[in-house]
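The sequence lines fix the lettering, A, B, ..., with proteins before strands; numbering per chain opens at 1. None of the values given here were measured: they were computed from a predicted structure.
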Amino acid sequence: MDQGPPESDMIDPNVVAQEPERVRDSLRRRNADEATLSEVDRLVALSERRRALVTERDNLNADRNRLSQQIGGLYKAGQREEADALKVTVQAGNARIAVIEEELATVDGERDAALMGLPNLLDARVPDGRSEADNVEVRRWGSPTGDGQTGESHVEIGTRLGILDLERATKLTGTRFWVLSGAGARLERALINFFLDLHVSQHGYTEVMVPYMVHRSVAEGTGQLPKFEKDMFRLAEPLNGQDVFLIPTAEVPVTNLHREEILEADQLPLKYAAFTPCFRSEAGSAGRDVRGLIRVHQFHKVELVWITTPEDADACHQALVGHAEKALQLLELPYRVMELCAADTSFGAARCYDLEVWLPSQGYREISSCSHFGDFQARRMQLRYRPAGEKKAKPRPAHTLNGSGLAVGRTLVAILENHLQPDGSVRIPAALRPYMGGVEAIGA
RNA sequence: GGAGGCGUGGCCGAGUGGUUGAAGGCUGCGGUCUUGAAAACCGCCGAUCCGAAAGGAUCCGGGGGUUCGAAUCCCUCCGCCUCCGCCA
């Protein structure tokens with residue numbers, strides 16, 4: 001069923017086997033429970049067992065190979081008797097090999113499953129913290145208006161202007177869906193084009209359009225699976241022989257574009273910008289952000305993805321954040337940059353900055369998450385590169401990064417709320433007007 | 001949906017049961033030669049796992065089977081191509 005080389009790894013399995021304390025430290029900083037911590041001990045034992053089995057199996061294989069050659073030689077020499085005697089020996093060895101292979105398959109399976117369920121090692125620079133309240137503000141931009149509580153909400157504004165229709169959306173698919181019409185729909189489309197043009201022509205990204213449904217192994221590559229299956233939508237029937245999931249973000253198909261490849265160092269960094277819809281089940285978030293466009297089952301996003309070298313990754317990460325910030329600045333939306341603390345850093349990330357846009361009705365809300373995955377995703381999808389310089393350098397896992405540039409729906413919300421005029425209309429920021437057919441305000 | 005063909009290393013392409021991880025070519029890298037370049041010639045050039053190393057194991061789309069031994073035979077899945085039908 002499954003294609004391609006076996007998925008394995010996540011954090012370097014050798015690190016788990018040889019420096020379990022380092023892994024435990026990272027897990028503790030992430031607020032991991034005891035069950036997860038004990039996985040590390042199990043992993044150490046599993047790795048040892050695996051090594052012993054592999055060694056024995058390889059030795060037996062070597063014996064068999066040698067004897068088989070002898071058998072071939074004996075047959076050619078017409079010495080059937082001797083050959084048949086050797087066959088019996090080999091058959092006995094094969095029986096033992098079969099037993100070992102069986103145990104090895106079990107051990108490998110358990111080890112892989114445990115490994116795939118462990119979150120990434122945290123970057124040492126990530127600040128300690130027990131919750132999102134401990135995230136560290138890095139900088140602010142712009143001048144927020146209002147108190148972040150009593151401002152007119154995008155739902156009220158959009159409905160009043162007749163460009164947002166939440167009620168009719170529920171007739172179609174129920175709650176957490178939306179309908180935009182007229183200038184609202186145009187605004188959504190304008191934002192998509194604005195983001196794409198900005199990043200492609202100003203920031204040097206290559207635009208890509210990708211499938212919105214992916215195989216299970218692809219979602220494992222970026223780390224959504226196996227742990228967060230309930231957050232995704234899965235097709236009822238397998239497609240092309242495999243389970244298929246609706247993408248929760250373009251990160252998934254785009255980062256996996258080069259899975260199982262060995263890239264040359266001079267190809268890096270690879271920078272992709274992709275517009276896609278994103279589908280999220282929002283399991284477990286019942287009751288949160290129930291009204292409006294903030295948390296929905298389907299939304300649009302322009303995602304920025306980098307594939308780079310370990311040496312360059314930090315600088316790339318900073319550049320990525322800057323690119324997302326630029327979009328907010330051009331749209332004249334106040335925001336702050338937060339460095340996430342250990343407990344709030346997501347499963348696959350080693351380090352992460354969130355961009356939070358100011359909403360007069362809600363205060364600061366996440367509008368972009370810029371993550372540095374180190375080699376975590378690259379290991380899971382066997383995405384490697386060959387270091388430059390020395391002749392035959394061994395392939396190494398690449399480093400991957402991604403960030404929203406930006407979440408379109410939330411940007412639309414931010415524009416409605418921040419650029420609301422005293423007369424009830426909404427001003428279109430200058431940078432966006434060319435994409436709005438020159439319109440300067442909605443509802444004026 | 002029906003019928004047929006194909007799937008080998010970065011690329012092209014040999015190879016139908018035995019010491020082939022795989023001929024040959026191309027590309028790439030190093031060298032000789034050259035003021036430099038080109039050409040020519042020589043050499044090197046896949047990945048993963050175990051091992052301190054020596055060395056060993058595995059991989060010819062994926063999985064399974066036959067066999068002492070499989071790139072080579074069988075089954076199955078996936079992918080690509082061609083023809084017919086259908087839909088856009």
Side-chain angles (χ1 to χ4, degrees), chain A residues 1-10 12-18 43-44 46-109 111-112 115 211 213-218 220-221 235 237-244 256-268 270 375 378-398:
Chain A
M1 284 292 269
D2 219 9
Q3 282 278 37
E7 295 297 324
S8 62
D9 315 355
M10 30 103 22
D12 189 337
N14 291 325
V15 171
V16 183
Q18 289 155 24
L43 236 11
V44 171
L46 246 16
S47 294
E48 267 170 34
R49 184 61 187 147
R50 175 180 174 277
R51 201 169 54 163
L53 289 169
V54 166
T55 301
E56 186 180 359
R57 193 265 322 264
D58 284 0
N59 287 337
L60 286 167
N61 275 345
D63 291 345
R64 187 200 54 199
N65 290 346
R66 204 175 312 115
L67 291 173
S68 286
Q69 281 188 20
Q70 284 181 29
I71 292 172
L74 289 171
Y75 270 126
K76 270 182 191 150
Q79 298 173 278
R80 292 204 152 269
E81 311 270 298
E82 292 82 343
D84 289 341
L86 276 187
K87 277 193 193 181
V88 176
T89 309
V90 177
Q91 276 163 340
N94 280 349
R96 174 64 189 152
I97 290 173
V99 171
I100 294 172
E101 292 277 12
E102 199 175 325
E103 189 186 345
L104 188 56
T106 306
V107 170
D108 264 342
R111 177 171 171 270
D112 256 29
L115 237 20
M213 304 179 189
V214 296
H215 284 156
R216 162 169 246 118
S217 55
V218 169
E220 285 172 347
L235 297 206
E237 299 295 333
L239 191 55
N240 294 327
Q242 284 185 249
D243 282 343
V244 169
N256 276 279
L257 235 27
H258 297 282
R259 78 195 326 267
E260 290 153 44
E261 291 184 26
I262 300 176
L263 302 167
E264 293 303 326
D266 60 19
Q267 294 179 258
L268 304 178
L270 253 20
D375 63 11
R379 283 182 184 282
R380 294 166 80 100
M381 63 178 78
Q382 279 154 303
L383 163 56
R384 292 165 293 172
Y385 78 102
R386 198 180 302 280
E390 308 323 307
K391 22 240 137 206
K392 34 185 177 190
K394 278 263 178 282
R396 302 161 66 193

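Nucleic acid contact for A:Leu67: none, since no nucleic acid atom lies under 4.0 Å from a heavy atom of the residue. Residue contacts shown for A:Asn65 are limited to sugar-phosphate atoms, with no base heavy atom under 4.0 Å away. Using a 4.0 Å heavy-atom distance criterion, A:Asn94 is classed as a sugar-phosphate-only contact.
Listed nucleotides: B:rA57, B:rC49, B:rA47. Nearest to the side chain of A:Ile262: B:rA47. The listed nucleotides are B:rC68, B:rC50, B:rU48; the one nearest the side chain of A:Val54 is B:rC50. In this structure, of B:rC68, B:rU58, B:rU48, it is B:rU48 that holds the atom nearest to the side chain of A:Lys394. Of the candidates B:rG51, B:rC49, B:rU19, B:rG51 carries the atom nearest the A:Arg51 side chain, counting heavy atoms from C-beta on.
When the side-chain nitrogen and oxygen atoms of A:Arg64 are compared with OP1 and OP2 of B:rG56, none of them lie within a distance under 4.0 Å. In this model, the phosphate group of B:rU48 is approached by a side-chain N or O of A:Arg384 to a distance below 4.0 Å at OP1 or OP2. Between B:rC50 and A:Arg50, a contact under 4.0 Å exists linking OP1 or OP2 to a side-chain N or O. Between A:Asn240 and the phosphate of B:rG79, there is a side-chain N or O to OP1/OP2 separation shorter than 4.0 Å. Taking 4.0 angstrom as the limit, A:Gln69 places none of its side-chain polar atoms (N or O) nearer than this to OP1 or OP2 of B:rG18. Note on A:Arg386: a side-chain N or O is less than 4.0 Å away from OP1 or OP2 of B:rA47.
The side-chain heavy atoms of A:Asp58 and A:Thr55, taken from C-beta on, include no pair separated by under 4.5 Å. Proximity of A:Arg96 to A:Val99: side-chain heavy atoms (C-beta onward) are separated by under 4.5 Å at one or more points. In this structure, A:Arg57 and A:Val54 have side chains that are in contact, with non-hydrogen atoms separated by less than 4.5 Å.
Counting only distance, with no hydrogens or angles, the side chain of A:Arg259 and the backbone of A:Ser217 share a donor-acceptor pair below 3.5 Å.
Atom name C1', nucleotides B:rG62 and B:rC26: the rounded distance is 29 Å, in whole Å.
Side-chain contact check for A:Tyr75 and A:Asp84: at least one donor-acceptor pair (N or O, by modelled atom type) lies under 3.5 Å.
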